[in-house]
Student: 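Structure below; questions to follow.
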Amino acid sequence: MSGEKDLPKTRNIGISAHIDSGKTTLTERILFYCDKIHKIEDVRGGGDGAKMDHMELEKEKGITITSAATTVHWRGIANEGVTCAEGGGKDIKINIIDTPGHVDFTVEVERSLRVLDGAILVLCSVAGVQSQSITVDRQMKRYNVPRMAFLNKMDRMGANPFNGVKALREKLGHNAVLMQMPIGAEENFQGVIDLITMKAYYFDGDNGENVRVEECPAELKDQAEELREQMLDAVSEFDDQMMEDILEGNEVTEETIHNAVRKGVQTLGLTPVFMGSAFKNKGVQPLLNAVGRYLPSPLTCAKPTAINDETDEKFNLEPVFDKPLVCMAFKITDEQFGQLTYTRIYQGELKKGDFIWNTRTKKKVRVGRIVRMNSNDRDNIDSAGAGDIIAMVGIDCASGDTFVGNDDLLTISCEGMHVPIPVIELSIKAKDKDNQIKMSKGLSRFMKEDPTFHVFTDEESGETRIAGMGELHLEIYVERLKREYKAEVEVGAPQVNYRETIRQEAGFDYTHKKQTGGSGQFGQVVGEIRPLSEENKEKEDQNFRFHNQIKGGSIPTEFIGACEKGFQDVMDKGPLAAFPLIDVEVFLKDGKSHDVDSSDMAFRIASRQAMRQAIAKASPVLLEPIMKVEVETPDEYQGFVIGDLSSRRGIIQGSETNDNGDTIINAFVPLSEMFGYSTDLRSGTAGKAGYTMEFAKYSECPNNIQEKVMAERKEKLAKDD
C-alpha cells in the first residue's frame, strides 16, 4: 500500500500506558497477527526479547526505554472480516509507536504523541488507572489525540473491567464505554462478547491466531443485553438519528453504531473500552478491527498546524501529495552508518535523492536514503508521502526540526513539543584522557537525541554535570556510556535542581552611564517586575515573560530587543544561591536614550543592573522540586509507608484500596528527600511494596531547608574559587 489513494486506510497510532501494563506485549501480538513476525517473544526472560525492545538494557531490565516504530498491515479477522471505516477494504496500514511507561522517559511519549493521529491507552484491568496512566492521558489531551482504551491482563487475579471503566470516568474524566464484556474472569477468562453484534469471540491455537466467532452464550445474554443498552445510550449522543431510533424502538444497524462511535472518538467525546489478555493471546484482533473503524486517518484527524516565524501566523497543513513538502523530525538516533531521523510527513511527498531545507538552520540537504522502520530493522523505500511516518538516514538535524521541499517555505516551522525541565543532576568524570574523548562523544549524542537530557560544565568547579528526569534516566545513560562507548566514568552523588523566584512586585529605575575618551555609554530603563501570573504559568515552558509598555519612543524600538536580552541574562543566576530564576515577568514602562551614546550594549547592561536591583527588593525565595509519589503496599505495611513518607517532609494526599487488597498511597514529597527511597521501601516492607514517582511542581523551600541549601551552595562556590 502506498500513495495518496491509500491515506483513508492509514492509521498512525501510539500505544501508551503506565509502566508494566503490557504495552510492549500487546505490540508484539499485533506484529504476530499482522504477519510481521513469526515467533512471539516475551518481554522478560528467555529468547531474544520482544521485537520492539531492541536495546540490550531494555531486554535486561524488561522495560521500554526508547520508543520504537513499526508498520503493519491488518486484513481483519478471517471468519468475520472487517472493513475500514474510510474507503472500505480490509487492508489497513498501521504505523505504530510503542512508547515507554516509566516517567523518566516521558519525553519519548511526548514526542510520539506530537506526531500521531490516535492512540491506545493500555490499562491493567487489576490496577486500573495508575499514576503514569494519568500522566500519559494528560499528554494525549495536550495534543488532542483521539484514543481508545484496552483493559489488559484480564486473566490476572482481581481483574475487573467494570472498575477499569469507572476509574477512566472518575480519575481521567473520560466518557468511557464498554464495547465488550468478558466471557469468564481471571484464570477462567476465555474471550469477549462484542456488544454491537452480540457475538462471542474465542481465540484458539497456540498463539490465539484462530478467532472463533459464535453466538453469545445463553447464560450471559441478559447481562450482555443490559450492557448493550448502556453502550447504545452513551453512543447515541453522537448521532441524532440513532437516538431517535432508540427512543422510538426502531432497530439500529451495526453501521450506524460504528459511525456514531467513530464520531465520538474523533471529537474526543468518547473513549470506547476493549479488553483482553495480550500475554494469553486473547482480545487483540478485535482491538485491531476497532483501530481501523474508529481511529482517524491522516485525512480525518485534526489538521496539523505550522507557524510562520516572521508573522507568528498559524496555518493548516494539508495531507495531500501535490503540495510542497512539510515534514518534522520528531526523534533522532545516532547509528554506525549516520544519524537516523524519525520523520512525520504532514504535506507533500519525500523522494530518495530529493533536496530539502531545514527551516531552523536554513541549510539544504540531500536525502540519500529513506527507510521504513520495524523496531531496529529497516526496509529501504524510494518515496513516502503525506500522512506517513518514516526515517531518513544520514541527515544531520536536531529533534523537532522542520524540513520543507522548497526555499519559499524557509520561514515556517511545525509547532514544537512540550519538553519538561530536568529535576536531578550529578557530576560525571572520565578516568583518563582517552575515556574523556569517548565520554564526550557519547554525551553529545545523548543530548542531541533526548531534549530532557542536559550536559553542562559547572562554571565554578569546571566539572561536567548531567541533568535529567530522574535517577533511572541518568543511570541508563551512564550505563550506555560504559557499554556503547566503552568509556570508564565515575559519577558523583545526585544533586537536586533548585530554582529561585520572587514573591512580590518591585520597581526598577536604573541609568547606565559611562563616559570615556570617545563616545560614552548611556541607557536608562524604568519599570517593574512581578511574579508570573497563574495564566502564564500554565503555558508551556513560560518561565520568563517580557512586556514592552514603552509609549512615545522614550526608548527607541531598535534597543527594545537588547533590553529584553539584558533582563533575561539575569534569569540564569538568582541572588540567593545562583540557581536559575523562574516565573518572573518584566514590564518595561519608560526610559531615556542619548542620540550618540546609546547602544544595544548600553541598554543591555542597564537592563541587567535594573533586574538585579529589582529582584533584591522583590522578596526572592528558593524553590525545590516536589514529586508526586504513588506507593502500592500490602495493608499491613501502610503505617510504615505513611510514617516514612511523612518523615521525608511528604504531604499525604490520600489512600485507597485496590481489588487485590493492597493500599495505594499518594503523596507529594520533595525530591531531595527521595534519594535511596527504593532501598528503604524494600527493606521496610519485606520487598512487597513498589512505587512510582514523577515531577509535580516547584514549591517554596521551608526556611531551614533554604538556609541549609544556601550555606552548602556558598561553601561549594567558595571551595571552587
Student: Between Asp117 and Arg344, does at least one N-O distance fall below 4.0 Å, as a salt bridge requires?
Tutor: yes
Student: Using a 4.5 Å cut-off on heavy atoms from C-beta on, say whether the side chain of Gln653 contacts that of Lys628.
Tutor: no
Student: Give a yes or no answer on whether the side chain of Asn175 reaches the backbone of Gly269 with a donor-acceptor pair at less than 3.5 Å.
Tutor: yes
Student: I'd like to know if Glu463 and Arg465 make a salt bridge, using a cut-off of under 4.0 Å between side-chain N and carboxylate O.
Tutor: yes
Student: Quick one: which residue pairs count as a salt bridge (charged side-chain N to carboxylate O under 4.0 Å, His left out) with a foot in residues 314-324, not counting sequence neighbours?
Tutor: Lys314-Glu415
Student: Keeping Arg713 on the side-chain end and Ala578 on the backbone end, is there a donor-acceptor pair under 3.5 Å?
Tutor: yes
Student: Output yes when a side-chain donor or acceptor of Lys589 lies under 3.5 Å from a complementary backbone atom of Glu528, and no otherwise.
Tutor: no
Student: Has the side chain of Gln706 got a donor or acceptor atom that lies under 3.5 Å from a matching backbone atom of Leu622?
Tutor: yes
Student: Counting C-beta onward and ignoring hydrogens, is there a side-chain heavy-atom pair between Ile529 and Phe567 closer than 4.5 Å?
Tutor: no
Student: For a 4.5 angstrom cut-off between non-hydrogen side-chain atoms, does Met392 reach Leu350?
Tutor: yes
Student: Could you check whether Asp137 pairs with Arg147 (Lys NZ or Arg NE/NH1/NH2 to Asp/Glu carboxylate O, under 4.0 Å)?
Tutor: yes
Student: Within the structure provided, determine whether Phe546 and Ile560 are in side-chain contact (heavy-atom separation under 4.5 Å).
Tutor: yes
Student: Not counting sequence neighbours, which residues clear side chain to side chain contact (heavy atoms under 4.5 Å, CB included) with Ser593? List them please.
Tutor: Pro556, Ser598, Phe603
Student: Among all residues two or more places apart in sequence or in another chain, which pass the salt bridge (charged side-chain N to carboxylate O under 4.0 Å, His left out) test with Arg649?
Tutor: Glu624, Glu673
Student: Relative to each other, are the rings of Phe446 and Phe453 parallel, tilted or perpendicular (30° and 60° limits)?
Tutor: perpendicular
